2 protein chains.
Amino acid sequence: MRDVVLDDRAHSILKSIVTHHILTGEPVGSRTIAKLTPDGLSPASVRNVMADLEEMGYLTHPHTSAGRVPTDKGYRYYVDTLLPGAHPGARDRGVIDRSLSRVGGELSEAMEVIPKLLSRLTSQVGYLVSPPLRDAVLKHIDFVRLHERKVLVVFVDRSGVVSNRILDTDEDYGEDDLQKAGRYLVAEFAGMTLSEIRSRLIRLMAEERAVFDHLLKSVIKLGTGYLDAETGDRRMVLEGTTNIMKHPEFSDVETMRRLFQTFEEKHRLLTLLDRCLTPSGVRVVIGSEADDPTLDKMALVASSYHVDEHTTGWLGILGPTRMEYERVVSLVDYISRLFSTLLTRQAL
Amino acid sequence: MRDVVLDDRAHSILKSIVTHHILTGEPVGSRTIAKLTPDGLSPASVRNVMADLEEMGYLTHPHTSAGRVPTDKGYRYYVDTLLPGAHPGARDRGVIDRSLSRVGGELSEAMEVIPKLLSRLTSQVGYLVSPPLRDAVLKHIDFVRLHERKVLVVFVDRSGVVSNRILDTDEDYGEDDLQKAGRYLVAEFAGMTLSEIRSRLIRLMAEERAVFDHLLKSVIKLGTGYLDAETGDRRMVLEGTTNIMKHPEFSDVETMRRLFQTFEEKHRLLTLLDRCLTPSGVRVVIGSEADDPTLDKMALVASSYHVDEHTTGWLGILGPTRMEYERVVSLVDYISRLFSTLLTRQAL
DNA sequence: TATTGGCACTCGAACCACTCGAGTGCCAAG
DNA sequence: CTTGGCACTCGAGTGGTTCGAGTGCCAATA
């Protein structure tokens, strides 16, 4: 991935620049770095290295007479060379442990608590993406007749997440039929994931000629009607969006408006996550890597959480490229690990 | 309410100023108004009236050599003297009719569609506040056992709105018991509002000594457990919050941050609505009248909607004090009336 | 007596010239 | 290869000037 490995000096200078810039937000000058690094280099030497780093694309100039600022590539290098596996501080761990112990493995509660927790700890935007509905495990399902040919489907997942949807049916089902259909589904399929159920229903449908059972027919129609519509669905909860406004890099109102519009259209964020993330450990997506102009100057830290070995969803934070990666990454990592073990234990 | 009635000239000048300011956003000078009004007054005369209006508190100066700008009191006067009952334009009515006909009287869909509709038509923030849960009419209720002493309550309202909540019980109910309890509740109480159900359950509880029926006991405990927690609840859906950023009066980032924080904390908006609104027709709350510093320079147009004579919720828009009241009021009025008749027809 | 033209005054916006200083790039000496 | 020196750049801040829209007030007028 990384094209050229930087030599020691360049490496340490780049690192200093990024660290210092993250701290202050100001462009960093050669004199500052010369004082900061223990190598005892003169500003002039530092300038030479800086010029090289700029040529290689790790740094830029806001203008001729300003200090250097990391580019996305610079941040990328910085993040890639961070020591992995750093632990959050004891205080942060305490806060996290306490919050998550109250949640247990309850996904429905986690969807409220975790984004808030992330947002509070990092002062950025915290988020959690639920597992796709197709992986949800059927606990309970209900069909409720609203009016003629309008049926409300209420689905409860093993972990207590409720989804619902109104179905337009081409037949007018009676309340009794609907209840029976619901009970049948629970009796037959409880404990399976929706995608499993879906394929079983399809198999049943193939045998439909042989089926004259009215109930079973209804079940097939209603069940597939519901499942077809929804299975790709994920939910995404964002929290602390106003934190973004605190950062000086977003003082431009128009940029910010577009950013918030992106927050409102969560599906765009979701496809972005889909595109960028491989489900393994913490991932960081920086600025232009996201390939979405509204997320310019933004970075995204994400980690998947899972039950057993099965990856389910993501959680993480969204903030300006200039953020404390070390701390944030360790927090996101810690939370996702802890939450995964809680989920897995609960699923037993 | 209005302290002094303005004489004809002052009235028409004030109205001109407000209209013109709404249009342009700029402070309005005497010369502009002199040209604009058909009375053929000279700028100097207009100035005199303006000075009077300022003394009475209807106008201000940004600074000595700028034109006049309406105060909240000025907008209030303007709004109060608008002809009530204006109709939206034919095009707007077309859009509204089409959107709402698709919704029918389905509250659950209206909660998505109406705020979006309002936001799109007015380019402001559109909102809808659901009826309080206590007025919801029971259609279906389910108790689902999640784990030991954790019960998920799923409640479906007549109009298809689903609410759910996890209950910590002090007893471990079996799945069968829970199902029976749900069915019992539906059989006995379907069609009543939650507050009615609540009082009936309390009456039953009073007779508890006489009740040795295990089922009934469970019903009482679960039912009141759920109802106690929630009955005051309303939901509020906001849409188009990013529209606010388009208005120059909110270019200050810090003000805007606080505004968005208010959007995130919807309960604050809800109590505000509670405080300011009497449920009759369209109401306008302007700036300081809201008595909430974050809503400075904001105005709120709201109208209640209802089923039969029974007031249920609100819908409307939120925008800067400088907005096209005439158009917005007529839109909000029209939508709330139309939606009310749809709801009432549906409830039959 | 209400209206109006005239006039001095105010104040923000825009523009310009200037300085200051942090920081650069480059070169020649070490 | 490193470094001190030096000329250069450019944004930010400062102060002065002009311009114009708008006001307030007063004296003249219908």
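Just so we're on the same page: letters track the sequence lines, and every chain starts at 1. The figures that follow rest on heavy atoms only: side chains count, while hydrogens, waters and symmetry mates do not. Predicted model only: the values in this text are computed from it and were never measured.
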All N/O contacts under 3.5 Å from nucleotides 1-5 of chain C to the protein, with atom names and distances to one decimal?
{"unit_1": "C:dT3", "atom_1": "OP1", "unit_2": "B:Arg9", "atom_2": "NH1", "d": "3.1"}
{"unit_1": "C:dT3", "atom_1": "OP1", "unit_2": "B:Arg9", "atom_2": "NH2", "d": "2.6"}
{"unit_1": "C:dT3", "atom_1": "OP2", "unit_2": "B:Arg9", "atom_2": "NH1", "d": "3.1"}
{"unit_1": "C:dT4", "atom_1": "OP2", "unit_2": "B:Ser42", "atom_2": "N", "d": "3.4"}
{"unit_1": "C:dT4", "atom_1": "OP2", "unit_2": "B:Ser45", "atom_2": "OG", "d": "2.6"}

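Among residue pairs with one or both ends in residues 21-36 of chain A, none qualify as salt bridge (charged side-chain N to carboxylate O under 4.0 Å, His left out); sequence neighbours excluded. Sequence neighbours left out, the pairs with a member in residues 10-48 of chain B that pass ring pair (Phe, Tyr, Trp, His ring centres under 6.0 Å) are B:His11-B:Tyr77. Pairs engaging residues 41-64 of chain A under the salt bridge (charged side-chain N to carboxylate O under 4.0 Å, His left out) rule: A:Glu54-A:Arg68 [sequence neighbours left out].
For DNA chain D, the outermost nucleotides in 5' to 3' order that have an atom under 4.0 Å from a heavy atom of chain B are D:dA21 to D:dC25.
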N/O donor-acceptor pairs under 3.5 Å from side chains in residues 318-325 of chain B, not counting sequence neighbours:
{"unit_1": "B:Arg322", "atom_1": "NE", "unit_2": "B:Glu249", "atom_2": "OE2", "d": "3.4"}
{"unit_1": "B:Arg322", "atom_1": "NH1", "unit_2": "B:Ile22", "atom_2": "O", "d": "2.7"}
{"unit_1": "B:Tyr325", "atom_1": "OH", "unit_2": "B:Thr321", "atom_2": "O", "d": "2.5"}

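Every residue was checked against the ring-ring contact (aromatic ring centres under 6.0 Å, His included) condition with B:Tyr78, not counting sequence neighbours, and none meets it. Listed by chain and residue number, nothing satisfies the side-chain hydrogen bond (donor to acceptor under 3.5 Å, both in side chains) test with B:Lys116 (two or more places apart in sequence, or in another chain). With sequence neighbours left out, B:Thr255 forms a side-chain hydrogen bond (donor to acceptor under 3.5 Å, both in side chains) with B:Asp252.
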